[in-house]
Structures are given as C-alpha cells and as structure tokens.
Amino acid sequence: MKPSYAPKTKRGQVRREQILRAAERVFGTIGYADTSITDITREANTAQGTLYIYFKGKHEVFIELVREMGHLTREVISRTVSGAPSRLEAERLGLSAFLRFVAERPELYRIVEEARIAAPDAYRAYFTEFANAYRSHLLAAEATGEIRPGNAEIRAWALMGMAKTLGERYVLWQDDTDLDQVVDSATDLIRNGLEP
C-alpha cells in the first residue's frame with residue numbers, strides 16, 4: 001500500500017500532522033476497534049471531511065502510524081549506534097535507544113502491537129524491514145570477526161524479539177523501571193551469546 005497523500009503546503013502538512021498525532025493518542029489509548037473517525041477528528045479539533053483530504057479512512061491512518069513508528073524507531077536507533085566502536089556495543093546502545101523511544105511514545109508502540117490483528121500486512125512489513133537491516137549489520141560484524149559465525153537471519157529475529165518483549169514488560173506494563181538495569185542485563189546475555 002502506498003503512503004497516504006502528502007500535502008504540498010505548510011498548512012496542509014501541519015493539519016495532516018495534527019490528525020496523525022490525534023490518531024496516535026486515540027488509537028494508542030482506546031484501540032483500533034473502538035476508535036472512530038469522529039474520535040480522531042474531535043481529538044484533532046478538525047472536521048471529519050478534513051481527515052478525508054489526507055487519508056481514505058481510519059484504516060489508512062492506522063497503517064500510516066505503523067509505518068511512522070518503523071521509520072522513527074529505525075532513525076533513532078541508527079543515529080544512536082552510528083558511532084559505536086563494535087557490534088556488541090551497538091547492541092547495547094540500540095536496545096537502550098529503542099526502550100527509551102517506546103517510553104517516550106507508548107501509544108505509537110501500542111499501535112504497532114495492535115497491528116498484528118488490525119493490519120497484519122503492515123505489522124509484518126514493520127518487523128521484516130527491521131530484520132533485513134539487522135541481518136545486514138550482523139553479517140558485517142561476523143565478516144570482521146566481531147561476533148562468531150551463525151545464522152544472521154535467526155539472530156536478527158531473536159534479538160528483535162528480545163527488544164520487543166522487554167519493551168512490553170518493562171516500559172508498557174511498568175513505568176518505574178530502571179531501564180539502564182534492563183539494558184545491562186540484556187546486554188550481558190547478548191555478549192555471552194555473541195562474543196567470539
């Protein structure tokens with residue numbers, strides 16, 4: 001599915017962003033099934049017809065938010081790990097960046113989780129894009145001897161699964177967690193499993 005209409009004017013860009021932020025709050029709070037166009041436009045303080053200028057409907061808004069979460073998360077993690085001296089340090093920095101991003105935008109992360117049912121193609125694309133990039137980084141680290149040889153595809157999915165579950169348990173379900181302690185414990189596990 002192609003991304004929704006991208007406005008050409010500054011005013012249109014602001015209005016579209018306003019709708020997306022409102023939808024993020026509403027979907028992330030009451031869920032996809034219980035959210036209506038009226039809920040979104042009321043939260044955005046705009047007319048229902050305005051939403052339809054930028055999106056075909058509720059489902060397209062939802063899918064756009066899933067795409068946005070993927071883009072933003074990859075951007076945050078990439079920026080954070082870009083100067084890492086090793087793959088194992090990149091794992092630590094990337095996990096920390098991911099958990100902190102989830103803590104900053106919990107509604108957006110809940111939307112991705114709900115996409116498993118509400119938009120399975122978008123959910124699958126979200127994780128597949130992550131896995132493909134992750135696999136490439138692991139292969140590069142393996143080639144330089146930073147990590148021992150192994151199946152990079154399986155490792156990518158296993159490491160993503162760890163981050164996903166830690167995000168649910170220690171960010172979404174519990175808001176007073178010492179994220180540094182979570183990252184340190186997970187990194188210890190990763191290092192012992194990946195260290196050459």
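Worth knowing before you read on, the calculation uses all heavy atoms, side chains too, and leaves out hydrogens, waters and symmetry mates.
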Colleague: Tell me, with the steps shown, if Glu60 and Tyr54 meet side-chain contact (heavy atoms from CB on, under 4.5 Å).
Modeller: CA-CA 10 Å; Glu60 189 175 24; Tyr54 306 106; over 6 Å; no

Colleague: Would you call the rings of His59 and Phe62 parallel, tilted or perpendicular, where under 30° means parallel and over 60° means perpendicular?
Modeller: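 Taking Phe62 first and then His59, their aromatic rings lie parallel (interplane angle under 30°).
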
Colleague: Measure the shortest side-chain to side-chain distance between Ile37 and Val61 over non-hydrogen atoms and say whether it is less than 4.5 angstrom.
Modeller: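 Result no, sub-4.5 Å side-chain heavy-atom pair not found.
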
Colleague: How about Leu159 and Glu91: do any of their side-chain heavy atoms sit closer than 4.5 Å?
Modeller: yes

Colleague: Of Phe101, Trp173, Phe98, which is the lone residue that meets ring-ring contact (aromatic ring centres under 6.0 Å, His included) with Tyr109?
Modeller: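 Per the ring-ring contact (aromatic ring centres under 6.0 Å, His included) rule, the option paired with Tyr109 is Phe98, out of Phe101, Trp173, Phe98.
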
Colleague: Can Asp39 and Asp34 be said to form a side-chain contact (heavy atoms from CB on, under 4.5 Å), step by step?
Modeller: CA-CA 9 Å; Asp39 294 325; Asp34 292 333; over 6 Å; no

Colleague: Can you find a pair of side-chain heavy atoms, one from Arg155 and one from Tyr134, that are under 4.5 Å apart?
Modeller: no

Colleague: For residues Leu138 and Arg87, determine if any side-chain heavy atom of one lies less than 4.5 Å from a side-chain heavy atom of the other.
Modeller: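 Yes; the side chains approach each other to less than 4.5 Å.
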
Colleague: Donor-acceptor pair, distance only, cut-off 3.5 Å: does the side chain of Thr165 make one with the backbone of Met162?
Modeller: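 Absent.
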
Colleague: With the threshold set at 4.0 Å, does a side-chain nitrogen-carboxylate oxygen contact exist between Arg25 and Glu107?
Modeller: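 A salt bridge is absent here (no side-chain N lies under 4.0 Å from a carboxylate O).
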
Colleague: Flag the pair Arg191 / Glu89 as yes when at least one side-chain heavy-atom distance between them is below 4.5 Å, and no otherwise.
Modeller: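 Yes; the side chains approach each other to less than 4.5 Å.
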
Colleague: Taking all atoms of both residues into account, what is the closest heavy-atom pair of Glu68 and Arg105, and its distance?
Modeller: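 Scanning both residues completely, I find the closest heavy atoms to be OE1-NH2, 3.9 Å.
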
Colleague: Does some side-chain heavy atom of Arg169 sit less than 4.5 Å from a side-chain heavy atom of Val182?
Modeller: no

Colleague: Quick one: does any side-chain atom of Asp188 pair with a main-chain N or O of Asp184 as donor and acceptor, under 3.5 Å?
Modeller: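 No.
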
Colleague: Give a yes or no answer on whether the side chain of Ser96 reaches the backbone of Arg92 with a donor-acceptor pair at less than 3.5 Å.
Modeller: no

Colleague: When hydrophobic residues are tied together by side-chain contacts of less than 4.5 Å, even through go-betweens, does Val112 share a cluster with Trp157?
Modeller: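 Yes, because Val112 and Trp157 connect within a single hydrophobic cluster, where side-chain heavy atoms sit under 4.5 Å apart.
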
Colleague: Return yes if some donor-acceptor pair links the side-chain N/O of Arg74 with the main-chain N/O of Gly70 below 3.5 Å, else return no.
Modeller: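 Here the side-chain-to-backbone pair exists.
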
Colleague: Under 3.5 Å, is there a donor-acceptor pair between the side chain of Ser82 and the main chain of Arg79?
Modeller: yes

Colleague: With sequence neighbours excluded, give me every salt bridge (charged side-chain N to carboxylate O under 4.0 Å, His left out) pair touching residues 109-119.
Modeller: Glu113-Lys164

Colleague: Run the ring pair (Phe, Tyr, Trp, His ring centres under 6.0 Å) test against Phe130 and tell me which residues pass, sequence neighbours left out.
Modeller: Tyr126

Colleague: Could you grab the distance from atom CG of Leu65 to atom CD1 of Ile19, nearest 0.5 Å is fine?
Modeller: 11.5 Å

Colleague: Considering only heavy atoms from C-beta outward, does the side chain of Leu108 approach that of Leu72 to under 4.5 Å?
Modeller: yes

Colleague: Between CG of Leu95 and OG1 of Thr80, what distance do you get to the nearest 0.5 Å?
Modeller: 11.5 Å

